[in-house]
Amino acid sequence: MNINNFYEILKSEPSYRLKQAQQLLFGDLISDWSQASNLPLALREKLNQECPLAIKSKVLTARDKKSFKALITLEDGAKIETVLMRHKEGRDTICLSSQVGCPLGCTFCATGASGFEKSLNKNEILEQAIFWARYLKTNFKAKITNVVFMGMGEPFLNYDQVMSAIRTLNDVDGLHIGARHISISTSGLVDGIKRLAKEKLQINLAISLHSANDKIRTDLMPVNKKNPLVQLLRAVDYYIEKTNRQVMFEYMLMKGINDSNEAAERLAVIMDKPLYVVNLMNYNETSVFKPVNEKIFKNFEKILQKRKIKVTSRYRFGSDIEAACGQLAARSK
Ligand code: SAH
Ligand code: SF4
């Protein structure tokens, strides 16, 4: 698929054609312009030539049949991974990549270990969503309800393209997904958080925290050196002041690294603010670290609850196909 010339081609057509073509692409989810019987033949042919819609992909299904991972090969040959999670309550969440690989090199992350290839453009980000929209329609007569930027890459290192993709995801003439159902996860880039605070968009922000201790966090996430906790939390508070929206702090438990009572107490201290929520999860084994057992998980959670911190804990999805967050590495390249 390559829709980079989509708007350019339609600019030279009568103006109502753009709406028609958008409806075909994002609404009807056609995969070939020859299906566009309401467009003139010459335009269909031109679009098929210059704006092909076929997506090169391979899908893996998890044992539980509820999560799916797609490996998509882009026009330029780059490979990216994206995930669909089908939840009980009728939610269908897709997890999008913003880059091929990631330059930030967090030590626990498979994407980080795979190195960095490039940032995706708006259309390459949208291609993943269009892929799942078609997949859900064909196989389940369902629609995407939620979008999270938790696939490969750091969204704030690709700010403009990510925001521009979000605008089309949200647009009535695009995929029409509610802004409140779209989330960005960041490793904690202060500039990106401050910038997002000024957007007039009601999307959700998640911060990958994983430690409340600067030394440990820097060891896990080198990005913490230039974006230490005090500055990170100051940026989050600024975001909350501007948007009055809740912020989710992702905390992934790794055995012997960030799972002690002391770590929990320290986390409780910095998380004790009205619109802060902690999302506790277990580590999906992708590197030298190990997940914690249920007892340690529950104990950690209980300490936070005792301190009246809002905590949610995340069910583990699709780890047998390595579709869980942070396990995306497009290994088959
Ligand atoms: N770069 C962004 C978004 C992509 S990572 C970020 O770091 O937030 C999405 C989430 O998966 C992050 O919270 C990340 O910390 C987490 N993650 C990375 N590796 C993981 C692993 N092996 N198990 C569980 N979560 C992981
Ligand atoms: Fe990049 Fe996020 Fe992985 Fe860190 S956790 S290496 S920021 S994708």
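Just so you know, ligand 1 is whichever comes first in the structure, and atom 1 is the first atom listed for that ligand. The structure presented is a predicted model; accordingly, all values stated were derived computationally and were not measured. Along the sequence shown, residues are numbered consecutively beginning with 1.
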Point-to-point distance, once rounded to the nearest 0.5 Å, from NZ of K56 to CD of E127: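 Going from the NZ atom of K56 to the CD atom of E127 covers 10.5 Å.
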Interfacing atoms of ligand 1 (cut-off 4.0 Å, heavy-atom, [X]):
{"X": "F108", "value": "15 (O), 18 (C), 19 (N), 22 (N)"}
{"X": "S187", "value": "6 (C), 7 (O), 8 (O)"}
{"X": "T286", "value": "22 (N)"}
{"X": "Y283", "value": "21 (C), 22 (N), 23 (N)"}
{"X": "M150", "value": "4 (C), 9 (C)"}
{"X": "G153", "value": "1 (N), 2 (C), 3 (C), 4 (C)"}

What about H210 and F108, are their ring centers closer than 6.0 Å?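 When the ring centroids of H210 and F108 are compared, they turn out to be within the sub-6.0 Å range.
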Parallel, tilted or perpendicular for W132 and F68, by the 30°/60° rule? tilted
Enumerate the atoms of ligand 2 whose separation from the nearest heavy atom of S187 is less than 4.0 angstrom.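 Those qualifying, in numeric order: 7 (S).
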Could you list the atoms of ligand 2 found under 4.0 angstrom from a heavy atom of G112?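 What qualifies from ligand 2 is 6 (S).
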Any donor-acceptor pair under 3.5 Å linking the side-chain atoms of E154 with those of T186?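 There is such a pair (donor and acceptor under 3.5 Å, judged by atom type) between the side chains of T186 and E154.
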Residues N213 and N258: side-chain donor-acceptor under 3.5 angstrom: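 Distance-only check fails for N213 and N258.
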Tell me whether N293 contacts the main-chain N or O of I296 through its side chain, where contact means a donor paired with an acceptor under 3.5 Å.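 Judged by distance alone, yes, a pair lies under 3.5 Å.
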Atom 6 (C) of ligand 1: which of C106, C109, S208 has the nearest heavy atom? S208
Does ligand 1 have a heavy atom under 4.0 Å from the side chain of [X], from its backbone, from both, or from neither?
{"X": "M252", "value": "side chain"}
{"X": "H210", "value": "side chain"}
{"X": "T186", "value": "backbone"}

Are any of the heavy atoms in G153 under 4.0 Å away from ligand 2?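 Contact present.
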Ligand 1 contact by C102, heavy-atom criterion under 4.0 angstrom: no
Min N/O separation S185 to ligand 1 under 3.5 Å: yes
Per the side chain to side chain contact (heavy atoms under 4.5 Å, CB included) rule, which among L126, I125, L96, V162 passes with L120?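 Result: among L126, I125, L96, V162, I125 is the only option passing the side chain to side chain contact (heavy atoms under 4.5 Å, CB included) with L120.
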Check whether NZ of the Lys or CZ of the Arg R86 lies under 6.0 Å from the centre of the six-membered ring of F140 and within 45 degrees of that ring's axis. yes
Examine R245 relative to Y239 and say whether NZ or CZ is less than 6.0 Å from the centre of the six-membered ring and inside a 45° cone about the ring axis.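 No, R245 does not sit over the ring of Y239.
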Any heavy-atom pair between the side chains of E285 and P291 that's under 4.5 Å? yes
Considering only heavy atoms, does C102 approach ligand 2 within less than 4.0 Å through its side chain, its backbone, both, or neither? side chain
